[in-house]
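Fair warning: this is a prediction, and the values are worked out from it, not measured in the lab. Every chain is numbered from 1, with letters handed out A, B, ... down the list of sequences.
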Number of protein chains: 2
Amino acid sequence: MGLAKTEMFTDQQNKISLFAKVFGHPARVAILQHLFKIDSCVCGDLVNEIGLAQPTISQHLKELKHLGLIKGNVEGTSVCYCIHKENWTVMKTIMTEFLNQDLSENQDCC
Amino acid sequence: MGLAKTEMFTDQQNKISLFAKVFGHPARVAILQHLFKIDSCVCGDLVNEIGLAQPTISQHLKELKHLGLIKGNVEGTSVCYCIHKENWTVMKTIMTEFLNQDLSENQDCC
DNA sequence: TTAATTTATTGCAATATTACGATTAATATT
DNA sequence: AATATTAATCGTAATATTGCAATAAATTAA
């Protein structure tokens with residue numbers, strides 16, 4: 001985050017921006033959409049699905065996992081990744097609250 | 001976006017990630033929340049509200065304006081910034097669709 | 001016109017992100 | 001054990017983001 005300090009902002013603001021940041025790359029959006037579309041998934045599928053190299057996909061998966069939005073279980077030589085439903089729901093609540101801030105009360109000053 | 005090309009992804013995926021990216025910094029989240037909270041706003045207020053230098057706030061405002069989420073009208077020596085309601089609603093639809101992807105149909109494989 | 005006020009722009013420096021080749025680690029198969 | 005398969009990690013180059021001092025631009029007030 002450059003030189004800015006998280007202490008300058010509220011916990012809520014920091015949480016929102018952390019979730020948003022992870023959605024701020026189309027590859028991670030595509031990974032999540034693919035995980036939603038199918039039941040289970042291995043990393044290799046994603047490498048084929050998305051046109052990026054295996055280490056790159058692995059790195060994106062790591063970020064998603066670190067934020068708790070996905071989980072991965074080792075299954076033989078491959079890894080089964082899927083959406084972490086409980087955490088996704090928590091994230092959705094936080095993001096939706098931010099997106100649904102009420103517009104109607106404000107005068108349109110501009 | 002590093003070396004990745006937007007052509008690799010769908011329009012929808014690119015849109016989602018662009019919106020998410022702008023929310024990916026707590027200062028911009030704070031700016032938007034402040035604009036929602038009050039009717040109108042000048043840049044100076046935001047510099048006081050958020051603990052960042054005036055050029056930095058101006059830069060964040062520029063990004064928000066570029067994406068169409070806020071609009072700014074010159075009023076004397078100051079500028080009145082506010083939420084672009086129509087565009088905010090459009091953005092909200094796109095983001096909500098992404099966040100509301102159905103979980104119930106999927107087996108939890110992990 | 002001059003000075004004051006407010007915001008935008010420029011020009012960096014510091015940091016973060018992204019991508020991938022090469023390699024390693026872990027497991028499965030033969 | 002040796003080989004194959006799959007994903008993670010390391011190292012590094014390219015690019016993007018962030019923050020701010022200095023300055024410019026625009027408007028208002030005296």
Side-chain angles (χ1 to χ4, degrees), chain A residues 1-9 13-14 17-31 34-35 40-67 70-82 110, chain B residues 1-9 13-14 17-31 34-35 40-67 70-82 110:
Chain A
M1 192 174 48
L3 309 172
K5 292 159 191 151
T6 56
E7 306 93 55
M8 296 174 62
F9 305 100
Q13 286 162 349
N14 284 316
S17 64
L18 280 177
F19 283 130
K21 191 181 279 182
V22 91
F23 299 142
H25 194 292
R28 289 190 292 264
V29 171
I31 287 171
H34 191 67
L35 289 181
S40 63
C41 195
V42 292
C43 182
D45 285 0
L46 291 164
V47 173
N48 295 332
E49 185 74 13
I50 301 158
L52 292 170
Q54 178 267 321
T56 308
I57 298 292
S58 188
Q59 197 175 315
H60 284 308
L61 287 168
K62 191 179 176 183
E63 289 176 65
L64 290 167
K65 195 175 180 182
H66 184 252
L67 226 75
I70 64 173
K71 47 187 171 179
N73 271 31
V74 176
E75 289 197 357
T77 56
S78 63
V79 178
C80 170
Y81 278 107
C82 60
C110 303
Chain B
M1 190 173 52
L3 307 171
K5 291 160 192 150
T6 56
E7 307 92 58
M8 295 174 61
F9 304 99
Q13 286 162 348
N14 285 316
S17 64
L18 281 177
F19 283 130
K21 191 182 279 181
V22 91
F23 299 142
H25 194 292
R28 290 190 290 264
V29 171
I31 287 171
H34 190 68
L35 289 181
S40 63
C41 196
V42 293
C43 181
D45 286 1
L46 291 165
V47 173
N48 296 331
E49 185 75 15
I50 302 158
L52 291 170
Q54 178 268 322
T56 308
I57 298 292
S58 187
Q59 197 175 315
H60 285 308
L61 287 168
K62 191 179 176 182
E63 288 176 67
L64 289 167
K65 194 175 180 181
H66 184 251
L67 226 76
I70 64 173
K71 46 186 171 180
N73 271 31
V74 177
E75 288 195 359
T77 55
S78 63
V79 179
C80 170
Y81 278 109
C82 61
C110 303

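In this structure, of D:dT18, D:dG19, C:dT7, it is D:dT18 that holds the atom nearest to the side chain of B:Glu63.
The distance between atom CG of A:Leu46 and atom P of D:dT6, rounded to the nearest whole Å, is 14 Å. Atom pair B:Met8:CE and C:dC20:P shows a separation of 7 Å (rounding to whole Å applied). Distance, A:Leu52 CG to C:dT17 C1': 14 Å, rounded to whole Å. For the pair A:Leu67 CG and C:dT17 C1', the computed distance is 15 Å after rounding to whole Å. In this structure, NZ of A:Lys21 is placed 12 Å from C1' of D:dA16, rounded to the nearest angstrom. Following rounding to the nearest Å, A:His60 (NE2) and C:dA19 (C1') show an atom-to-atom distance of 8 Å. The distance between atom CG of B:Asn73 and atom P of C:dA8, rounded to the nearest whole Å, is 12 Å. The nearest whole Å value for the distance from the NE2 atom in A:His66 to the P atom in C:dT17 is 12 Å.
In this structure, A:Ala27 and B:Phe9 approach most closely via the heavy-atom pair CA-CE2, 3.5 Å. Heavy-atom minimum distance, A:Ser78 versus A:Val42: OG-CG1, 3.4 Å. The nearest pair of heavy atoms linking B:Leu18 to B:Leu67 is O-CD2, 3.8 Å. Heavy atoms only, all atoms of each residue included: A:Cys41 and A:Asp45 are closest at SG-CB, 4.0 Å.
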Could you list all N or O pairs between the protein and nucleotides 8-10 of chain D that sit under 3.5 Å apart?
{"residue": "D:dA8", "atom": "OP1", "partner": "A:Tyr81", "partner atom": "OH", "Å": "2.4"}
{"residue": "D:dA8", "atom": "OP2", "partner": "A:Ser58", "partner atom": "OG", "Å": "2.8"}
{"residue": "D:dA8", "atom": "N7", "partner": "A:Gln54", "partner atom": "NE2", "Å": "2.6"}
{"residue": "D:dA8", "atom": "N6", "partner": "A:Gln54", "partner atom": "OE1", "Å": "2.9"}

Per-nucleotide protein contact string for nucleotides 24-30 of chain C, where B marks a base within reach and S marks sugar-phosphate only (heavy atoms under 4.0 Å, - for neither): ---BS--
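Rounding to the nearest 0.5 Å gives a distance of 5.5 Å between CG of B:Leu35 and CG of B:Leu46.
One finds no side-chain N or O of A:His25 lying less than 4.0 angstrom from the OP1 or OP2 phosphate oxygen of D:dA16.
Remark: B:Val29 pairs with A:Gln13, A:Ile16, A:Ser17, A:Phe98, B:Gln33 by the side-chain contact (heavy atoms from CB on, under 4.5 Å) rule, at least two apart or across chains.
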Would you tabulate the side-chain donor-acceptor contacts of residues 54-66 of chain A under 3.5 Å, counting partners in other chains and residues two or more places apart, or write 'none'?
{"residue": "A:His60", "atom": "ND1", "partner": "A:Arg28", "partner atom": "NH1", "Å": "3.0"}
{"residue": "A:Glu63", "atom": "OE1", "partner": "A:Arg28", "partner atom": "NH1", "Å": "3.2"}
{"residue": "A:Glu63", "atom": "OE2", "partner": "A:Arg28", "partner atom": "NH1", "Å": "3.4"}

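Relative to the axis of its first five pairs, the axis of the last five pairs of the helix from C:dT1-D:dA30 to C:dT30-D:dA1 sits at 10°, rounded to 10 degrees.
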